[in-house]
Each structure stands twice: as structure tokens, then as C-alpha cells.
Asker: 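One structure, as C-alpha cells, below. Some questions next.
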Amino acid sequence: MTSSQKATKTLWAVSDLHAAVKANRDPIETITTDNPADWLIVAGDVAERTGLIIDVLRTLRAKFDKVIWVPGNHELYCRSKDPFTGRKKYDELVQGCRDIDVLTPEDPYPVFGDHTIVPLFTLYDYTFRFPGMTVEQAIQTAHDREIVMTDEFAIAPFVDIRGWCWDRLAYSIKRLSKVEGKTILINHWPLTIEPCERLRYREIQLWCGTRHTRTWPARYQATACVYGHLHIPGTTMVDGIPHVEVSLGYPREWQNQPGRSKRPWPYPVLEVEEDA
């Protein structure tokens with residue numbers, strides 16, 4: 001390396017690892033780096049069981065200088081016999097991450113170069129619905145068309161999802177109001193509805209976010225928004241800001257979707273000088 005060349009480090013991102021699926025183990029093993037100074041974003045849906053989630057994150061933490069995790073809907077899945085459900089399961093996951101030095105939406109926002117990295121947890125509130133419908137009508141319409149997310153059976157029975165979403169929105173706004181300068185916003189669910197336009201069945205968008213985050217990327221000076229959930233990796237430009245889905249998904253998806261092999265994964269979100 002010449003004196004004019006400076007070492008760089010990279011902020012990488014993945015999501016929707018679904019580590020309980022045996023065929024996903026090999027792709028997960030490829031999540032590594034040659035530079036121990038690199039950081040990794042894990043934007044939700046690691047797995048369903050707390051033990052497996054923490055095991056996967058622990059393995060990734062050993063490879064990267066920092067790992068930043070946000071929960072997806074699968075991390076929140078519960079059964080009535082589970083010791084922790086709803087909000088308590090999220091608290092359990094946050095503590096598990098802290099025990100292995102993985103950052104969560106409850107921790108101070110880290111700074112990478114000149115960007116504040118903002119892990120969010122905003123859930124969904126059924127406001128990504130078709131115009132003119134109430135929440136109840138929209139959910140019933142999806143039921144009638146036999147399009148219903150597992151969330152309705154594995155999350156909704158244990159917590160008021162809309163109430164939790166609104167609590168998370170207020171909490172996040174309070175913290176974001178104190179951030180100055182450029183940001184990278186991370187959330188499992190897309191922050192705007194535009195990425196949902198690529199869904200094959202648009203009824204699924206009911207479980208894909210909240211309209212109340214629509215202005216956040218511009219308001220909080222985001223140069224990129226990182227998300228997962230839809231299993232449609234790609235970039236959607238919204239008001240000049242890239243919204244980047246970084247999901248792995250299920251084998252039938254990552255093995256067969258055209259163009260996936262041409263897209264880098266893990267996805268390089270940002271590169272800065274190593275001493276930055």
C-alpha cells in the first residue's frame with residue numbers, strides 16, 4: 001500500500017437468514033470478511049427460537065468488529081407454552097444480544113465514518129392497506145383470499161401489535177430527534193410502501209410496515225435505508241434516497257430469482273477510511 005492509499009472498512013448488510021432452514025446454512029457460512037474492522041448489519045428474521053438466534057449472531061460477531069441487529073417478525077414468533085411472549089420475548093432477545101456484544105435498537109447509535117447508524121424496530125400497524133378500507137375490512141379481505149401472514153397466529157395473540165407499533169414510533173422519534181448529520185436507517189420492515197409494489201400478492205403489504213415512517217428518511221438525512229422482510233432483494237429509490245433490501249430468504253427464492261447472483265451479498269452499504 002502506497003502512502004496515497006488508505007485502508008478502508010465496509011459496513012455490510014444482510015437480512016432474512018432463516019437459519020432454521022437447513023439449506024440456508026451454507027449461505028450463512030459465507031457471511032465473512034477479510035477485514036476484521038468491517039461492520040455487519042443483520043436486519044431481522046435470523047430465526048424463531050431465541051437460542052438459535054443468539055447462536056447465529058454470536059458466530060457473526062466473531063467475524064466482524066461490530067454487528068448491529070434489528071428484530072423481524074420471525075424473531076417475535078411465540079407459542080403459548082413459551083416462557084416469554086410478545087414484548088417480553090423482545091426484551092429477552094435484547095439482553096441476549098447484549099450478552100454477546102451485539103448492538104440492538106435499544107443501544108446508543110454507533111457512528112461509522114460520518115454516518116450515524118440507526119437500528120429501528122417499528123413493527124407494522126396495518127396502515128399499508130388499500131384506500132377506503134378499515135383495518136378489520138382489510139384483514140378480512142386478506143383472509144377471504146387465503147392470504148394471511150403467520151404473524152396473525154404467532155404474534156397477534158400475545159400482544160396488541162398496533163399499540164406496540166405506535167409505542168415504538170414515539171420512542172424512535174424521540175431518539176432520532178437528537179441525531180445530527182447523515183444517517184443510515186435500518187429496519188426489518190420497509191419504511192415506505194413503495195417497495196411493496198413489487199409484491200406478487202399486494203394484500204401482504206398489510207404486515208409490511210406503517211405509513212407513519214414515510215417521511216423519516218428525508219427528515220433524518222438518511223443516505224440509505226436498509227430493510228428485509230419482502231424477500232425481494234433490490235433497491236427502490238424514494239425521494240432520491242435508496243431503500244435497499246438485503247434479504248437472503250428461503251432456498252426456493254435465492255436459488256431461483258433472476259439477477260440474484262449478480263447482486264453482491266452481503267450487501268456493501270457504506271465504505272469509509274479505516275481510521276474514520
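All heavy atoms count here, side chains included; hydrogens, waters and symmetry mates do not.
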Asker: Could you tell me whether Asp55 and Arg49 make a salt bridge, using a distance below 4.0 angstrom between a side-chain N and a carboxylate O?
Answerer: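 Salt bridge absent between Asp55 and Arg49.
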Asker: Could you tell me whether the side chain of Ser247 and the main chain of Asp16 form a donor-acceptor pair under 3.5 Å?
Answerer: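 Pair absent, no side-chain N/O of Ser247 close to backbone of Asp16.
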Asker: Would you please test Asp239 and Thr192 for side chain to side chain contact (heavy atoms under 4.5 Å, CB included) and show each step?
Answerer: CA-CA 11 Å; Asp239 298 333; Thr192 70; over 6 Å; no
Asker: Would you call Arg87-Asp167 a salt bridge at under 4.0 Å N-O?
Answerer: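 Here Arg87 pairs with Asp167 in a salt bridge, since their nearest N and O are under 4.0 Å apart.
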Asker: Any Lys/Arg nitrogen of Glu136 or Arg162 sitting under 4.0 Å from an Asp/Glu carboxylate oxygen of the other?
Answerer: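 A salt bridge is present here (some side-chain N lies under 4.0 Å from a carboxylate O).
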Asker: Does the structure place the NZ or CZ of Arg175 under 6.0 Å from the centre of the six-membered ring of Tyr109, at an angle of no more than 45° from the ring's axis?
Answerer: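 Yes; both conditions hold, so Arg175 lies above the ring face of Tyr109.
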Asker: So, the side chain of Arg211 versus the backbone of Thr127: is there a donor-acceptor pair under 3.5 Å, distance only?
Answerer: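 Side chain of Arg211 to backbone of Thr127: a pair is present.
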Asker: Do Asp151 and Tyr124 pair up side chain to side chain, a donor and an acceptor below 3.5 Å, judged on atom types alone?
Answerer: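 Checked: Asp151/Tyr124 side chains pair up, N/O donor to acceptor below 3.5 Å.
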Asker: Once you round to the nearest 0.5 Å, how far does CG of Asn187 lie from OH of Tyr227?
Answerer: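 Rounded to the nearest 0.5 Å, the CG-OH separation comes to 11.5 Å.
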Asker: Under a 3.5 Å distance rule, please check whether Asn24 uses its side chain to pair with a backbone N or O of Gly249 as donor and acceptor.
Answerer: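 Judged by distance alone, yes, a pair lies under 3.5 Å.
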Asker: Under the side chain to side chain donor-acceptor pair (under 3.5 Å) criterion, do Glu106 and Tyr90 qualify, and how do the steps go?
Answerer: CA-CA 11 Å; Glu106 308 311 307; Tyr90 175 61; 2.5 Å; yes
Asker: Before giving the answer on side chain to side chain contact (heavy atoms under 4.5 Å, CB included), spell out for Glu194 and Arg214 the whole-Å C-alpha distance, their side-chain angles and the decisive distance to 0.1 Å.
Answerer: CA-CA 10 Å; Glu194 282 85 347; Arg214 179 65 177 77; 3.0 Å; yes
Asker: Is Asp144 atom CG crowded by more than 12 heavy atoms from other residues, nucleotides or ligands, each under 6.0 Å away?
Answerer: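 Yes, CG of Asp144 has more than 12 neighbouring heavy atoms, counting only those of other groups under 6.0 Å.
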Asker: Is the closest side-chain heavy-atom distance between Thr50 and Phe84 below 4.5 Å?
Answerer: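 With C-beta onward as the side chain, the pair stays apart.
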Asker: Whether the Asp91 and Gln95 side chains hold a donor-acceptor pair (N or O, under 3.5 Å, no angle test) is what I'd like checked.
Answerer: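 No pair is found: no donor N or O on one side chain lies under 3.5 Å from an acceptor on the other.
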Asker: In the structure I gave you, are the side-chain heavy atoms of Pro195 and Leu230 within less than 4.5 Å of one another anywhere?
Answerer: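 Side-chain contact under 4.5 Å: yes.
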Asker: Checking side-chain polar atoms at under 3.5 Å, does Asp107 have a donor or acceptor matched by the opposite partner on Thr104?
Answerer: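 Side chains of Asp107 and Thr104: pair found under 3.5 Å.
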Asker: Leu185 versus Leu191: any side-chain heavy-atom pair under 4.5 Å?
Answerer: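 Yes. Closest side-chain heavy atoms under 4.5 Å.
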Asker: Looking only at atom types and distance, does a side-chain atom of Trp39 sit under 3.5 Å from a main-chain N or O of Phe64, one as donor and one as acceptor?
Answerer: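 It does not hold such a pair.
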Asker: Going through the distances and angles, do Phe128 and Tyr126 end up as a ring pair (Phe, Tyr, Trp, His ring centres under 6.0 Å)?
Answerer: CA-CA 5 Å; Phe128 280 6; Tyr126 307 107; over 10 Å; no
Asker: Using atom types as modelled and distance alone, determine if a side-chain donor or acceptor of Arg252 lies under 3.5 Å from a backbone N or O of Gln255.
Answerer: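 Side chain of Arg252 to backbone of Gln255, a donor-acceptor pair under 3.5 Å: no, none is there.
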Asker: Evaluate side chain to side chain contact (heavy atoms under 4.5 Å, CB included) for Thr213 paired with Leu169, printing each intermediate quantity in order.
Answerer: CA-CA 8 Å; Thr213 56; Leu169 292 171; 3.6 Å; yes
Asker: Mind checking whether Leu103 and Pro119 have side chains closer than 4.5 Å, heavy atoms only?
Answerer: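 No, their side chains stay 4.5 Å or more apart.
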Asker: Check for a donor-acceptor pair, side chain of His229 on one end and backbone N or O of Trp207 on the other, with a separation under 3.5 Å.
Answerer: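 Flag set: sc His229 to bb Trp207 pair under 3.5 Å.
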Asker: Test your reading of the model: is there a side-chain donor-acceptor pair from Glu253 to the backbone of Leu248, 3.5 Å cut-off?
Answerer: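 Here the side-chain-to-backbone pair does not exist.
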Asker: Flag this pair as yes if the NZ/CZ of Lys88 is under 6.0 angstrom from the six-membered ring centre of Phe158 and inside a 45 degree cone about the axis; otherwise no.
Answerer: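 No - Lys88 does not lie over the ring of Phe158 by the 6.0 Å and 45° rule.
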Asker: Would you please classify the geometry between the His74 ring and the Tyr77 ring as parallel, tilted or perpendicular, with 30° and 60° separating the classes?
Answerer: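 Ring orientation of Tyr77 relative to His74: tilted.
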Asker: Between the side chain of Glu274 and the main-chain N/O of Ala7, is any donor-acceptor distance below 3.5 Å?
Answerer: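 A pair under 3.5 Å: no.
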Asker: Taking the side chain as C-beta and beyond, is there a heavy-atom pair between Trp189 and Phe121 under 4.5 Å?
Answerer: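 Yes. Closest side-chain heavy atoms under 4.5 Å.
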Asker: So, the side chain of Glu75 versus the backbone of Val46: is there a donor-acceptor pair under 3.5 Å, distance only?
Answerer: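 A pair under 3.5 Å: yes.
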Asker: Can you tell me if His243 uses its side chain to pair, donor with acceptor, with the backbone of Met237 under 3.5 Å?
Answerer: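 Looks like no, no N/O pair under 3.5 Å.
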Asker: One pair to check against side chain to side chain contact (heavy atoms under 4.5 Å, CB included): Asn35 and Thr10. What are the steps and the verdict?
Answerer: CA-CA 8 Å; Asn35 185 354; Thr10 303; over 6 Å; no
Asker: Tell me, yes or no, whether the heavy-atom count around Arg79 atom CZ, taken from other residues, nucleotides or ligands under 6.0 Å, exceeds 12.
Answerer: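 Atom CZ in Arg79 is not packed in, count stays at 12 or less.
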Asker: Side chains of Arg198 and Thr236: closer than 4.5 Å at any heavy-atom pair?
Answerer: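 Yes - at least one pair of side-chain heavy atoms lies under 4.5 Å apart.
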